[in-house]
Amino acid sequence: MLTKVRRPTIDDLALPAGKRARLYRMLYEYGPANGTLLFLPIDQGIEHGPVDFFDNPDSIDMDYIFRLAIEGRYSGVACHIGLAEKYFQPYAGKIPLLLKINGKTNVPSDDEPFSPMTSSVEDAVRLGADAVGYTLYVGSPRQDDDIAQLDLVRQSCERHGMPLVVWSYPRGKAIKEKGGQDTLYAVDYAARLACELGADVVKLNVPKIGENLEKQPKPYNTLNLPEEEAIAKVVRSAGKTLVLISGGSKMGDEDLLHKARLAMDAGVTGLIFGRNLWQRKRDDSLAITTRIHEMLKSYSA
C-alpha cells in the first residue's frame, strides 16, 4: 500500500536568501503560483537537433516559445545561452528563465556520455535568470568528470544565490547492463545522487515498472511496484530536493494528464513538459496547458 509522501515546501529547504527569493518567484508568483511548478523546456535543439521541431515548425522560433509560456502561465522557460541571449531580453520580468549551462549532442554513442559546460552561473546572473540547469549522467564511465564539474557549478550557485536544477539522467554502458536508464533502480539512484550532490530541484523521468527486473541489482529485481508507488519511492529518495517529472516524448492528452496526476499524487513538486506542449499547435498546446493548471490547483502547498 502506498505510504503518503509529503512533498517538501520552500520552508523545509533551509535556503539562503538569494536562492529562496528566486525559487519563491517560480513557486508562488509565476506559473500555477500555488507551490507547484510547471516548466517549458526548449533545450532539445542541442540534445536532439532540429528534428524535434518538425511536428510543429512554429516551435523552432524562440519568440513563439516565450509567448506560449507567458500566455500559458508557466513557471519558467529552460533554454541554453545562445537562445537566452538572442531572445530573452523582451520577455525578462514577464517569465522566469532557467538557464541550461551544459549540454551535448546525441550524435556520438551514449556509452560514455558527458555534457561539457556551455555557459556559467555568472551568465545566468547577468541574464536575470531565476535558476540554472545542469545535466548529470548518472553511472556514466565519465561520472568522475561529471561530478567534479557539477561541484564547481554548485559552489558557484551558492556564491550567487542561484537555485540549482539537476537533470539527473542514468546513462552509459554500465546502466544498460543493469537494466537500462528507465528502471526503478536507475531512476531511484538518480534521485538520491542529485540530493546528495546538492541539487535544489531534480528533473527525473518516470520509472518504467517491471522493465528488465532480472538485470537490476538486489533488491530492485524483486520490486515490481505499482507506478504511483515507484514514483513515491523516487520522491522519498530525493529527500529535500524538489522533484520535477519530465514529459518525455509526445503523447495524447489523456495519457499526459494521467502521467501528470499520477506524479503529483506521488509527491512530486511539479512538471517539466517540453515536446508534449510545443510539438502541439498553439491552440492545442494552450488547451492542454489549461487542463494541467486545473489539475494542479488540487496540489497547492
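Bear in mind that the values here come from a model prediction, so they are computed numbers and not experimental data.
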Considering all heavy atoms, the nearest [X]-[Y] contact:
{"X": "L271", "Y": "L244", "value": "N-CD2, 4.0 Å"}
{"X": "Y91", "Y": "D63", "value": "OH-OD1, 2.8 Å"}
{"X": "R20", "Y": "D11", "value": "NH2-OD1, 2.9 Å"}
{"X": "G72", "Y": "T289", "value": "O-CG2, 3.4 Å"}
{"X": "G103", "Y": "T118", "value": "N-CG2, 3.9 Å"}
{"X": "L204", "Y": "S168", "value": "CD2-O, 3.7 Å"}

With distance as the sole criterion, is a donor-acceptor pair present between the side chains of [X] and [Y] under 3.5 Å?
{"X": "N56", "Y": "S59", "value": "no"}
{"X": "Y30", "Y": "D130", "value": "no"}
{"X": "N34", "Y": "T36", "value": "yes"}
{"X": "D151", "Y": "Q155", "value": "yes"}
{"X": "Y185", "Y": "N221", "value": "no"}
{"X": "D110", "Y": "Y137", "value": "no"}

Non-hydrogen side-chain atoms of [X] and [Y] separated by less than 4.5 Å:
{"X": "L13", "Y": "P8", "answer": "yes"}
{"X": "P113", "Y": "K104", "answer": "yes"}
{"X": "Q149", "Y": "N102", "answer": "yes"}
{"X": "V206", "Y": "E227", "answer": "yes"}
{"X": "T241", "Y": "V202", "answer": "yes"}
{"X": "Q181", "Y": "K176", "answer": "no"}
{"X": "V125", "Y": "E122", "answer": "no"}
{"X": "L197", "Y": "V166", "answer": "no"}

Could you check whether [X] pairs with [Y] (Lys NZ or Arg NE/NH1/NH2 to Asp/Glu carboxylate O, under 4.0 Å)?
{"X": "D253", "Y": "R280", "answer": "yes"}
{"X": "R291", "Y": "E294", "answer": "no"}
{"X": "E229", "Y": "K233", "answer": "no"}
{"X": "D111", "Y": "K173", "answer": "no"}
{"X": "E85", "Y": "R126", "answer": "yes"}
{"X": "R171", "Y": "E112", "answer": "no"}
{"X": "K281", "Y": "D284", "answer": "no"}
{"X": "E71", "Y": "R282", "answer": "yes"}
{"X": "K240", "Y": "D12", "answer": "no"}

For this session: Decide yes or no on side-chain hydrogen bond (donor to acceptor under 3.5 Å, both in side chains) for D61 and Y87, but give the supporting numbers first.
Result: CA-CA 9 Å; D61 178 5; Y87 295 95; 5.1 Å; no
Can you measure from [atom1] ([X]) to [atom2] ([Y]) and round to the nearest 0.5 angstrom?
{"X": "F66", "Y": "L40", "atom1": "CZ", "atom2": "CG", "answer": "9.5 Å"}
{"X": "D265", "Y": "I231", "atom1": "CG", "atom2": "CD1", "answer": "9.0 Å"}
{"X": "I292", "Y": "M264", "atom1": "CD1", "atom2": "CE", "answer": "11.0 Å"}

Exercise. If Ile, Leu, Val, Met, Phe, Trp and Tyr residues are connected whenever their side-chain heavy atoms lie under 4.5 Å apart, and connections chain through other members, are M26 and V268 in the same group?
Worked result: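 Looking at the clustering, V268 is in a separate group from M26.
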Exercise. What about I175 and L223, same hydrophobic cluster or not, with Ile/Leu/Val/Met/Phe/Trp/Tyr joined at side-chain heavy-atom distances under 4.5 Å?
Worked result: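 No, because I175 and L223 fall into different hydrophobic clusters, even though each may have its own neighbours under 4.5 Å.
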Exercise. Do other residues, nucleotides or ligands put more than 12 heavy atoms under 6.0 Å from the NZ atom of K178?
Worked result: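 At most 12 heavy atoms, drawn from other residues, nucleotides or ligands, come within 6.0 Å of this atom.
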For this session: Could you tell me whether Y220 atom OH has more than 12 heavy atoms of other residues or ligands within 6.0 Å of it?
Result: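 More than 12 heavy atoms, drawn from other residues, nucleotides or ligands, come within 6.0 Å of this atom.
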For this session: Establish, yes or no, whether the cationic atom of K100 lies under 6.0 Å from the six-membered ring centre of W167 and within 45° of the ring axis.
Result: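 Verdict for W167: a cation-pi partner in K100.
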Problem set entry | R142 to F114 six-membered ring, cation-pi geometry met (6.0 Å, 45°) |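 The answer is yes, since R142 meets both limits relative to F114.
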Exercise. Does W278 have its ring centroid less than 6.0 Å away from the ring centroid of Y64?
Worked result: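 They do not qualify: ring centres at least 6.0 Å apart.
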